[in-house]
Peer 1: 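Mind looking over this structure? Questions follow.
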2 protein chains.
Amino acid sequence: MTSADPESADLYSIADLAREFGISTRAIRFYESKGLISPERLGATRVFRRRDRARLILILRGKRLGFSLRDISDYLALYDADRSQQVNLLAEKVDERLQLLEQQLADLQTTIAELREIRNLARERVISPS
Amino acid sequence: MTSADPESADLYSIADLAREFGISTRAIRFYESKGLISPERLGATRVFRRRDRARLILILRGKRLGFSLRDISDYLALYDADRSQQVNLLAEKVDERLQLLEQQLADLQTTIAELREIRNLARERVISPS
DNA sequence: TCACGGCTTTACGTTAGCGTCAAACAACTG
DNA sequence: CAGTTGTTTGACGCTAACGTAAAGCCGTGA
């Protein structure tokens, strides 16, 4: 029973989030300009809530996965789509994206396996020189 | 006993490879300009062999994984390093990259799990309307 | 021979994703 | 009141990864 607010509290400044996630304020503004997040305003100043912070986490994960901001934007829409979109179309889009990700997963596993092999070969050679 | 040549045959033109992998000839030339592949020449014309083709496959997989050409270049060097580089330094680099990839793998698995959940929620809603 | 397709290089254009000032306002501090 | 700190909105700059002509060389078939 710590909070029963309909409006989730936890307010963050742009600098708070920049610091927490190790990105620039410029980047955050840029994401907003691309519609990936839409913080409220107190006058002109951006005020971020938990929802914005959560989206930022998804954005950064998407970036680590090598997605473009456009891709990430589509991806975020899947989360919102809960109420806003037609549900059939949603399921289709999610399936599409899942296929891509599974391809990526396969690529990744192959690559990791190859690198492990390279590393092991290197190790052998160090341990037992000719 | 189909082939015992020291020089592996299988010659490809730039257009062959572009067609096979669904990329532009421009892209292939660009990769060469960045040192990712170095086909032989017959006069001025590029002649690609199996080795070049294999590297191209690695390049494209790297791209699917969201790596920059610089990253991919380093990555390719790990394959060559067999003889060229110092082996200790190699093992370090491979380990670094493996850590990145494993982080990426974790991100990917999380994302896939979330998307599956979203999809299942969507399905439920379709099957059993209020 | 000449038109054609395929190859080459050179070079400028484009998009994404920010970095980096610049100029201005707002609140706090000494 | 002046100075500092944090915020805002432009606006220009920059790198990566090619796209897109442009213009020329080369070999082949009719």
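Because only heavy atoms are used, hydrogens play no part in the values below, and waters and symmetry mates are left out as well, while side chains stay in. Reminder, nothing fancy here: chain letters follow the sequence lines and each chain counts from 1.
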Peer 1: Going by heavy atoms closer than 4.0 Å, what residues in residues 58-69 of chain A are next to DNA chain D?
Peer 2: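 Of all residues in residues 58-69 of chain A, none places a heavy atom under 4.0 Å from DNA chain D.
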Peer 1: Which residues within residues 13-25 of chain A lie with some heavy atom under 4.0 Å of an atom in DNA chain D?
Peer 2: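 Only Ser13(A), Ile14(A), Ala15(A) qualify.
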Peer 1: Identify, with sequence neighbours excluded, every residue that meets side-chain hydrogen bond (donor to acceptor under 3.5 Å, both in side chains) alongside Glu32(A).
Peer 2: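 With neighbours one apart ignored, the set is Arg41(A), Arg46(A).
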Peer 1: Could you walk me through whether Ile28(B) and Phe48(B) pass side-chain contact (heavy atoms from CB on, under 4.5 Å), step by step?
Peer 2: CA-CA 11 Å; Ile28(B) 295 180; Phe48(B) 298 80; 3.7 Å; yes
Peer 1: List in chain and number order the residues that pass salt bridge (charged side-chain N to carboxylate O under 4.0 Å, His left out) with Arg26(B), two or more places apart in sequence or in another chain; answer none if no residue qualifies.
Peer 2: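 Expected list: none.
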Peer 1: With sequence neighbours excluded, give me every salt bridge (Lys or Arg N to Asp or Glu O under 4.0 Å) pair touching residues 52-63 of chain A.
Peer 2: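 Passing the test, one end in residues 52-63 of chain A: Glu20(A)-Arg53(A), Arg55(A)-Asp80(A), Arg61(A)-Glu114(B).
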Peer 1: Applying side-chain hydrogen bond (donor to acceptor under 3.5 Å, both in side chains), name anything that partners Arg19(B), two or more places apart in sequence or on another chain.
Peer 2: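 If we apply the side-chain hydrogen bond (donor to acceptor under 3.5 Å, both in side chains) test to Arg19(B), skipping adjacent residues, there are no hits.
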Peer 1: Would you mind reporting whether Phe30(B) and Leu36(B) have side-chain heavy atoms less than 4.5 Å apart?
Peer 2: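 Heavy-atom side-chain distance check fails, nothing below 4.5 Å.
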Peer 1: Between dC7(C) atom P and Leu42(B) atom CG, what is the distance in whole Å?
Peer 2: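 These atoms are roughly 13 Å apart.
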Peer 1: Using a 4.0 Å cut-off to any heavy atom of chain A, which nucleotides of DNA chain D are the first and last in contact, reading 5' to 3'?
Peer 2: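 Using the under 4.0 Å cut-off, the span is dT7(D) to dA11(D).
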Peer 1: Looking at Asp16(A) and Ser13(A), would you say the former's side chain and the latter's main chain have a donor-acceptor pair under 3.5 Å?
Peer 2: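 Pair found, side chain donor or acceptor close to backbone of Ser13(A).
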Peer 1: Can you name the closest pair of heavy atoms from Ile59(A) and Ile72(A) and give their distance?
Peer 2: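 Smallest heavy-atom distance, with atoms named: O-CD1, 3.5 Å.
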Peer 1: What residues in residues 27-35 of chain B put a non-hydrogen atom under 4.0 Å from any atom of DNA chain D?
Peer 2: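 Close to the strand are Ala27(B), Phe30(B), Tyr31(B).
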Peer 1: Would you please name every residue forming a side-chain contact (heavy atoms from CB on, under 4.5 Å) with Ala106(B), sequence neighbours left out?
Peer 2: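 Ala106(B) satisfies side-chain contact (heavy atoms from CB on, under 4.5 Å) with no other residue.
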Peer 1: Answer yes or no: is there an ion pair linking Glu40(A) with Arg51(A), defined by an N-O contact shorter than 4.0 Å?
Peer 2: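 Result for this pair is no, no salt bridge flagged.
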Peer 1: Each nucleotide N or O in nucleotides 20-23 of chain C that has a protein N or O under 3.5 Å away: list the pair and distance.
Peer 2:
{"unit_1": "dT20(C)", "atom_1": "O4", "unit_2": "Arg26(A)", "atom_2": "NE", "d": "3.0"}

Peer 1: Please step through side-chain contact (heavy atoms from CB on, under 4.5 Å) for the pair Val47(B) and Tyr12(B), ending with a clear verdict.
Peer 2: CA-CA 6 Å; Val47(B) 177; Tyr12(B) 310 93; over 6 Å; no
Peer 1: Among Gln109(B), Gln103(B), Gln104(B), which residue satisfies the side-chain hydrogen bond (donor to acceptor under 3.5 Å, both in side chains) criterion with Asp107(B)?
Peer 2: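 It is Gln103(B), the one option of Gln109(B), Gln103(B), Gln104(B) that forms the side-chain hydrogen bond (donor to acceptor under 3.5 Å, both in side chains) with Asp107(B).
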Peer 1: Check the side chains of Gln99(A) and Asp95(A) for a donor-acceptor pair under 3.5 angstrom, ignoring hydrogens and angles.
Peer 2: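 Side-chain D/A pair, Asp95(A) to Gln99(A): absent.
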Peer 1: Listed by chain and number, what are the side-chain hydrogen bond (donor to acceptor under 3.5 Å, both in side chains) partners of Thr45(A), not counting sequence neighbours?
Peer 2: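 Counting only residues at least two positions away or on another chain, Thr45(A) forms no side-chain hydrogen bond (donor to acceptor under 3.5 Å, both in side chains).
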Peer 1: Per the salt bridge (Lys or Arg N to Asp or Glu O under 4.0 Å) rule, what does the pair list look like for residues 65-76 of chain B, sequence neighbours excluded?
Peer 2: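 Salt bridge (Lys or Arg N to Asp or Glu O under 4.0 Å) check on residues 65-76 of chain B returns Asp71(B)-Arg97(B).
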